[in-house]
Amino acid sequence: MWSTNREVAAGDVVIIWQTREHIQPLLITPGKDFNSRFGHYRHSDLLGIPYGSKVASRNGRGFIHVLRPTPELWTMALPHRTQILYVADIAFITSWLDIRCGSRVVEAGTGSGSFSHSVARTVGPRGHLYSYEFHETRAEKAREEFVRHGMQDIVTLTHRNVCKDGFTIEDTADAVFLDLPAPWEAVGHAKKALRKDRPTRICCFSPCMEQVLRAVNALNEAGFTDICMYETLLRPHEVQQLPTPLPLSSVIDKLKRLEKFREEKRLRQIANSKRKREEGDSGTSEPDKRARTGEPDATRDEGGSHLPLISNLPVPPKADDEVNEEVAEITVNWSKVCHEVRGHTSYLTFARLVHYPPETSSNGGTQDLTTTSE
């Protein structure tokens, strides 16, 4: 996954971008085919093309983009074995736990490996990720993905129930991330895994408030401080280019002109109808039974002359401002909130563990000043 090659080669894992909702990984294997509703593609046709290329289908039904894998794209394309963490939560957790290049991180609950890939990139070859999964089948599939993506030297995956058996390391980790149904049962084991020579941090990922309450109680009892809880919510905006709004005076003038034009059109239609009826009745001796005495003739004006037919009347000319609008329309950028906003994913409970060096007492003994719960 961390290949720096500019072109696709056999055995590479690529990301096939079809639409924003259809993104999937693909292992390039010469001789195989890839089929979707956007067309038919041969793996051999993808060999040697630069990453980011747009590839047309063989049957002309569409196209795809071939992208280089990144942890962000892998989160969008990975096969879901469990509920996963998305980029917003991953970025916030990584920042708050102070995970950096060279950090040693413990992850309880590998799941689909979304968080694991991001942490592996962040810690780099100088750091290490110790990941634990209690479900054997999920652990085996995650281990195969880590090897396929070249992460076996950075990630150590262990099939283990950490709530019951604890972690395999002690006094080593800079940060612990617990994505468990009952994180409070693993808080004590996490404290043993954290290093004692510097302040360390822990995060519990819990979808329910009841889990948060029990996790906070366990953190207090274990001596953690600075306990806080966050909820990450996305509020995306859509940016569009729209015409510049007209001033109010222009809108009022335009409405008045439209109203005047409609009234003139109505009068012309009445006049045209009367004219046609008179022309049709001029060759007959029978009087028009529908005609009423004393009814004003709508086909004549006040001076008695006939009004012109509707087809002979010219269309009112457009105002200068309307002509200018058609010639050069000025657009501005508008931003609005999307109608569909993703809701709650989980609550993030953070805490710090600070170990103080032992202090010599007045009687010559030592006293451990490790932070404890009051």
Side-chain angles (χ1 to χ4, degrees), residues 1-87 90 107 109-125 127-159 179:
M1 173 171 284
W2 318 118
S3 173
T4 58
N5 296 331
R6 297 177 58 88
E7 299 176 347
V8 179
D12 287 351
V13 176
V14 301
I15 301 297
I16 302 298
W17 185 290
Q18 303 173 72
T19 66
R20 292 185 179 181
E21 292 76 26
H22 295 84
I23 310 169
Q24 65 182 89
L26 181 66
L27 178 62
I28 301 299
T29 306
K32 290 188 176 181
D33 297 336
F34 172 72
N35 295 287
S36 70
R37 64 189 183 94
F38 296 99
H40 171 73
Y41 307 86
R42 291 181 181 176
H43 289 210
S44 57
D45 295 340
L46 306 180
L47 296 176
I49 66 173
Y51 280 104
S53 298
K54 178 180 177 180
V55 182
S57 63
R58 282 180 161 266
N59 53 4
R61 295 184 59 184
F63 60 89
I64 59 175
H65 286 89
V66 182
L67 306 179
R68 185 195 307 276
T70 64
E72 292 78 15
L73 288 175
W74 182 252
T75 295
M76 301 171 64
L78 59 78
H80 286 225
R81 297 182 289 270
T82 59
Q83 180 65 30
I84 68 171
L85 275 77
Y86 291 93
V87 176
I90 293 174
E107 175 193 22
T110 307
S112 301
S114 174
F115 184 73
S116 307
H117 283 76
S118 292
V119 173
R121 179 185 61 179
T122 303
V123 300
H128 204 82
L129 172 64
Y130 302 90
S131 187
Y132 298 85
E133 174 61 50
F134 80 98
H135 194 277
E136 185 176 3
T137 303
R138 290 200 294 262
E140 290 298 327
K141 290 184 178 180
R143 184 178 289 108
E144 293 175 1
E145 288 180 353
F146 293 158
V147 173
R148 188 184 308 121
H149 299 165
M151 300 164 50
Q152 64 274 12
D153 296 333
I154 303 176
V155 182
T156 299
L157 178 59
T158 305
H159 171 229
D179 184 7

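Just so you know, residue 1 is the first one in the sequence shown, and it goes up from there.
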Exercise for review: Would you check, one step at a time, whether the test side-chain contact (heavy atoms from CB on, under 4.5 Å) holds for Y51 with V14?
Suggested key: CA-CA 9 Å; Y51 280 104; V14 301; 3.7 Å; yes

Point to revise | Test item: I49 and E7 side chains (from C-beta on) under 4.5 Å apart, heavy atoms | key: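 Of all side-chain heavy-atom pairs linking E7 with I49, none is under 4.5 Å.
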
**Study point:** Non-hydrogen side-chain atoms of D45 and R58 separated by less than 4.5 Å
**Key:**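 In contact.
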
Taking atom [atom1] of [X] and atom [atom2] of [Y], what is their separation to the nearest 0.5 Å?
X    : Y    : atom1 : atom2 : result
R121 : L129 : CZ    : CG    : 13.5 Å
S131 : I154 : OG    : CD1   : 13.5 Å
K141 : E145 : NZ    : CD    : 9.0 Å
L85  : E107 : CG    : CD    : 8.5 Å
S116 : E133 : OG    : CD    : 9.5 Å
I15  : M76  : CD1   : CE    : 9.5 Å

Point to revise | Candidate pair R81 and S112, rule side-chain contact (heavy atoms from CB on, under 4.5 Å), full reasoning | key: CA-CA 5 Å; R81 297 182 289 270; S112 301; 3.7 Å; yes

Exercise for review: Taking all heavy atoms of A142 and all of T110, pick out the closest pair and write down the distance.
Suggested key: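 Closest pair (atom of A142, atom of T110, distance): CB-CG2, 4.0 Å.
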
For [X] and [Y], does a side-chain donor sit closer than 3.5 Å to a side-chain acceptor?
X    : Y    : answer
T156 : H128 : yes
S114 : T75  : yes
Y41  : N59  : no

Under a 3.5 Å distance rule, please check whether [X] uses its side chain to pair with a backbone N or O of [Y] as donor and acceptor.
X    : Y   : value
S118 : P71 : no
T70  : L73 : yes
R68  : N5  : yes
R61  : F38 : no

Exercise for review: Hey, can you tell me if Y86 and H80 have their rings parallel, tilted or perpendicular (30° and 60° cut-offs)?
Suggested key: tilted

Study note, to complete from the structure: H65 meets the ring pair (Phe, Tyr, Trp, His ring centres under 6.0 Å) criterion, sequence neighbours left out, with F63

Review point. Please walk me through it: do R143 and M151 pass side-chain contact (heavy atoms from CB on, under 4.5 Å)?
Key: CA-CA 9 Å; R143 184 178 289 108; M151 300 164 50; over 6 Å; no

Check your understanding: What's the verdict on side-chain contact (heavy atoms from CB on, under 4.5 Å) for L157 and F146, showing C-alpha distance, side-chain angles and the deciding distance?
Key -> CA-CA 9 Å; L157 178 59; F146 293 158; 4.1 Å; yes

Check your understanding: Do Y132 and H159 have ring centroids that are under 6.0 Å from one another?
Key ->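 No, they do not, as the ring centres are separated by 6.0 Å or more.
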
Hey, can you pull the donor-acceptor pairs under 3.5 Å for the side chains in residues 21-34, sequence neighbours left out?
from, atom 1, to, atom 2, distance (Å)
H22, ND1, T19, OG1, 2.9
Q24, OE1, Q18, NE2, 3.1
T29, OG1, L27, O, 3.4

